[in-house]
Amino acid sequence: MAETDETVRAALYGLMSTQRAVRRLRPDPIPDDVLQRVLQAAAWAPTGGNVQPWRIIVVRDPEVKAKLADVYRPQWEAYAVGVRSRLEGQPGFDASALDRTAIAGDHLAAHLHEAPAILVVCFDPRRLAVTDAGQDRVSVVGGGSIYPAVQNLLLACVAEGLGCTLTTLHCLDEPAVLEALAIPAPWATAAMIPIGYPVGKGHGPISRRPLSELVYADTFRTPFEEAGPDA
């Protein structure tokens with residue numbers, strides 16, 4: 001049993017530590033059983049009150065994919081310009097890394113309609129537990145009943161050898177998406193995830209900030225000792 005636990009643990013951490021945003025996808029169709037497993041992974045995710053206030057629309061019709069691509073492309077082009085202008089001159093700015101991301105993003109914007117499937121995650125705002133609605137800031141808590149399902153789906157894609165990336169730029173022109181997918185009011189969208197078998201290696205080693213910059217102990221900015229409180 002211990003050996004099995006270790007195998008599962010290693011596999012899970014392996015998936016999480018190699019999940020990249022893969023934007024170059026082949027048009028090859030995804031077998032139905034593979035797609036079914038990916039969607040089932042999303043359905044296993046926890047939600048507030050177990051109400052599962054989200055739904056996924058699997059878009060495979062070429063005409064509908066083209067409509068989504070027409071929405072996404074101009075939003076990406078404007079976003080890419082804005083990101084560069086905000087980041088240039090910032091400490092640690094890596095122009096080469098940004099260029100690689102921009103080139104991959106340009107490829108996705110130009111070929112989004114060729115992805116074998118585009119998964120659009122929508123939700124019913126009436127069924128979210130939005131406990132931060134009264135705060136004087138952007139409300140984010142409602143996403144806790146949506147994005148765990150998205151992350152489950154992304155990890156399942158990694159396990160199945162599928163490339164994937166979480167996008168939200170379509171929300172800048174959400175009415176067009178709602179119309180294209182016949183999504184009724186008051187439903188809205190939270191994510192658009194093109195998936196398919198990757199061009200090239202796909203997922204692999206990732207670059208993230210160290211825990212020393214992300215995790216604190218007891219109070220904000222108090223260093224967290226990775227060795228634990230008894231070290």
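All values below were derived from every heavy atom in this structure, side-chain atoms included, with hydrogens, water molecules and symmetry-related copies excluded. Just so you know, these numbers come straight off a predicted model, no measurement behind them. Numbers here are sequence positions counted from 1.
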[X] vs [Y] side-chain heavy atoms within contact, under 4.5 Å:
X	Y	value
R126	P186	yes
H203	C164	yes
S145	V51	no
H170	T189	yes
D32	Q36	no

Handout entry: Spacing of OG1 belonging to T167 relative to CZ belonging to R23, to within rounding of 0.5 Å
Key = 9.5 Å
Problem - Spacing of N152 atom CG and Q40 atom CD [to the nearest 0.5 Å] - result: 10.0 Å
Exercise for the section: Give the intermediate values and the outcome of side chain to side chain contact (heavy atoms under 4.5 Å, CB included) for residues M192 and V177. Expected result: CA-CA 10 Å; M192 185 167 73; V177 177; 5.9 Å; no
Problem - same_hphob_cluster(Y79, L108) at 4.5 Å side-chain heavy-atom cutoff - result: yes
Problem - Joint hydrophobic cluster, L112 plus V199, side-chain heavy atoms closer than 4.5 Å - result: no
Handout entry: Test ring-ring contact (aromatic ring centres under 6.0 Å, His included) applied to H111 - qualifying residues, sequence neighbours left out
Key = H107
Handout entry: Sequence-distant partners of Y13, ring-ring contact (aromatic ring centres under 6.0 Å, His included), two or more places apart
Key = none
Minimal non-hydrogen separation, [X] against [Y], with atom names:
X	Y	value
I183	C122	CD1-CB, 4.4 Å
A41	A156	CB-CB, 3.6 Å
P116	G196	CG-CA, 3.7 Å
R37	E160	NE-OE2, 2.6 Å
L214	R209	CD1-O, 3.5 Å
R127	P53	CB-CB, 3.8 Å

Problem - Pairing of K67 and D173 as salt bridge, 4.0 angstrom limit - result: no
Exercise for the section: State plainly whether the residues R9 and D5 are in salt-bridge range, i.e. N to O under 4.0 Å. Expected result: no
Practice task
Please assess Q52 against T47 for the test side chain to side chain donor-acceptor pair (under 3.5 Å), listing each intermediate value before the final yes or no.
Solution key: CA-CA 6 Å; Q52 294 183 285; T47 60; 5.8 Å; no
Residues sharing [X]'s hydrophobic cluster, by side-chain heavy-atom contacts under 4.5 Å among ILVMFWY, directly or via others?
X	result
V22	L25
I206	none
V34	I30, L35, V38, L39, W54, I56, V58, L119, V121, F123, L128, V130, I146, Y147, V150, L153, L154, L162, L166, I193, I195, Y197

Exercise for the section: Kindly say whether A115 contributes a backbone atom to a donor-acceptor pair with the side chain of K65 at under 3.5 angstrom? Expected result: yes
Practice task
Say whether, by atom type as modelled, one donor and one acceptor occur between the side chain of R24 and the main chain of P198 under 3.5 angstrom.
Solution key: no
Practice task
Please work out which of the three classes, parallel, tilted or perpendicular, describes the rings of W76 and Y72, given edges at 30° and 60°.
Solution key: parallel
May I have the list of side-chain donor-acceptor pairs in residues 133-144 shorter than 3.5 Å, sequence neighbours left out?
residue	atom	partner	partner atom	Å
R137	NH1	D132	OD2	2.9
S139	OG	D132	OD1	2.8

Exercise for the section: Decide side chain to side chain contact (heavy atoms under 4.5 Å, CB included) for Q75 and C171; before the verdict, give the C-alpha distance in whole Å, the side-chain angles of both, and the deciding distance to 0.1 Å. Expected result: CA-CA 9 Å; Q75 302 304 335; C171 292; over 6 Å; no
Handout entry: Heavy atoms of other groups near D218 CG, more than 12 under 6.0 Å
Key = no
Handout entry: Residues, nucleotides or ligands: over 12 heavy atoms within 6.0 Å of E213 CD
Key = yes
